[in-house]
J.: 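Encoded as structure tokens, here's the structure I'll be asking about.
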Amino acid sequence: MATATLVVGAGNAFRRDDGAGLATARRLNGVLPSDVRVLVKEGDCASLLDDWDGADAVVVIDATSSGLKPGTIHRYDAHEGPLPSVFSRSSTHSFGVAEAVELGRALGRLPARVVVFGIEGRDFTPGEGLSPEVSAAVDEVVKRVTGEAMGRA
Amino acid sequence: MSKTRTIKVDYLARVEGEGALYVRVKGDRVEEVRLQIFEPPRFFEAFLRGRGFEEAPDITARICGICPVAYQMSAVHAVEDALGVRVEGALRELRRLLYCGEWIESHTLHVAMLHAPDFLGYEDAIRMAKDHPKDVQRALDLKKAGNEIVRVIGGREIHPVNVRVGGFYRVPTRAELAPLADTLERARTHALETVRWVATFDMPDFEQDYEFVALRHPSEYPFNEGRLVSNKGLDIAIRDYDEQFVEEHVAHSNALHSVLKGRGAYFVGPMARYNLNFDRLPAQVQQAARDANLSPVCRNPFQSIVIRAVEVLYAVDEALRIIAAYERPEHAAVCAAAAEGTGVGCTEAPRGILFHRYRVHADGTIGDAKIVPPTSQNQKAIENDLQRFVERHLQLSNEELTWKCEQAVRNYDPCISCATHFLKLQLDHE
């Protein structure tokens, strides 16, 4: 049975800073209230629609590459409008977080509250480990997501 | 005076990973075609050196978020070959079942979410979903059945953790598989409807003379083993792969291009499997293919979308057959002890043959590894297709031609970097 709130970290741990969302989710696992489910999502995100089925609030954390300063934290409320449109066409992954959110919207399968955090990465080359500024941003997002989740509890 | 036209797609959407496409046309001649691939060059091969043989399936599974099972399967077969281990009976069947799950999820994602929009004139699945919600929802339900198999057998949906050299860490009981059968019965209806749906799409007329390469097994439609055969006389054991296939480095791509020695480009994946193994499909799946206007020999790559849908139907039926006959084996794995040797494995990833070779030291550490993914094997065939396709369609506008080129690339469902995930994000500051 789905719990009320779902927190998802998406990405790829083997492309360095692309693992920022995953690292955030791993840090949040076990520290959030027990009714908050935490999911580490590697690979295809089309099944996010099933993952958040029945949840009324979802927080997604992913890495971004927009050219802004590494470690910059973006925050979007998916119900305030579509995620920036270039997400879809230029995404290097065919079915990422943005596609899942927009597909959910098109099919009427978007939870009542969807917040997407983006952590700006610096290094997406093959390998493991986060850049220092990205690691610091993960700490910050852990605090902010914890705050948002506690605020709802 | 001949006019020069260029077609450039900096980022190919709806292919896995990162890629760019460049076509230069002068007058009525295509002068240059380059599919640029930013594949992490051999990172994983280096990463495997010095690691224990037991780690090969889990490390290589990380190469691709879409087809981790394929990497695990080629890895375990290659390592088992090096150690002199054979996995038979129910454990072998469970491996086939796991592979069915991956084919269902990977093919369904590509057919409905990535390729169908090309045929129906939508920029992406999201726009298509607004007009065709039932078709998209059906695909999501079908894909979910595949995810469910991977979750139950593999331990979790993405990057399954239950596969090991010699078998599995834990094998399911019959009772645990029973709910899967119910899910798959419903999925079968979705799979058949999907075949019928894609069969209605307009197919560009584009028959080509390819050399198809796939595994061929004495009795099965191929997943995990067989001989490597082609429609032009190739018939070799997997062990002889390196004698017939060679990888060439090309300047415009980080990926290596694989060619058949002395023969050049070849074509792997669903089209190749289907053409070389139609007689291995069960009668009801053959009939579904015929009803979808597919003949047993099919050389139009645009029809690959229909063939993928047919393979999903096959995978659903095969999964149901395996579950119905399943008896839980006494042991979850056969013993696999460290031994010196070199082993090879080749299995049918959703996108085609995936070759692995490992040299294992006596202490069980990996001396070296070679991994040849399907996309690097298809790259030359993709470029050849683009050259011929563009030459025949020079009357189209640049916009239309670009669209068709992307569609032609997606015929191969290329998995371009097999992994990267981050969002290329541009921000508009007002």
J.: Are the side chains of A:Leu103 and B:Met113 in touch, meaning some heavy atoms are under 4.5 Å apart?
T.: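 In short, these two side chains touch, coming nearer than 4.5 Å.
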J.: Could you measure the distance from the NZ atom of B:Lys144 to the CG atom of A:Leu49? Nearest 0.5 Å is fine.
T.: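 If I round to the nearest 0.5 Å, the distance is 10.5 Å.
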J.: First locate atom CD1 of B:Ile126, then atom CG of A:Leu107, and finally report the distance between them rounded to the nearest 0.5 Å.
T.: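 Nearest 0.5 Å value for the CD1-CG distance: 9.5 Å.
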J.: Given a strict heavy-atom distance threshold of 4.5 Å, which part of A:Arg105 is in contact with chain B: side chain, backbone, both, or neither?
T.: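 The answer is neither part of A:Arg105.
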J.: For chain B, which of A:Gly21, A:Gly121, A:Gly127, A:Gly104 has the most heavy-atom pairs under 4.5 Å?
T.: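 Looking at each of A:Gly21, A:Gly121, A:Gly127, A:Gly104 in turn, A:Gly127 comes out on top.
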J.: To the nearest 0.5 Å, tell me how far B:Leu140 CG sits from A:Arg109 CZ.
T.: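 Here the interatomic distance stands at 6.0 Å.
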J.: For A:Ala46 versus B:Leu109, what's the shortest heavy-atom pair and its separation?
T.: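 Minimum heavy-atom separation between A:Ala46 and B:Leu109: CB-CD1, 4.0 Å.
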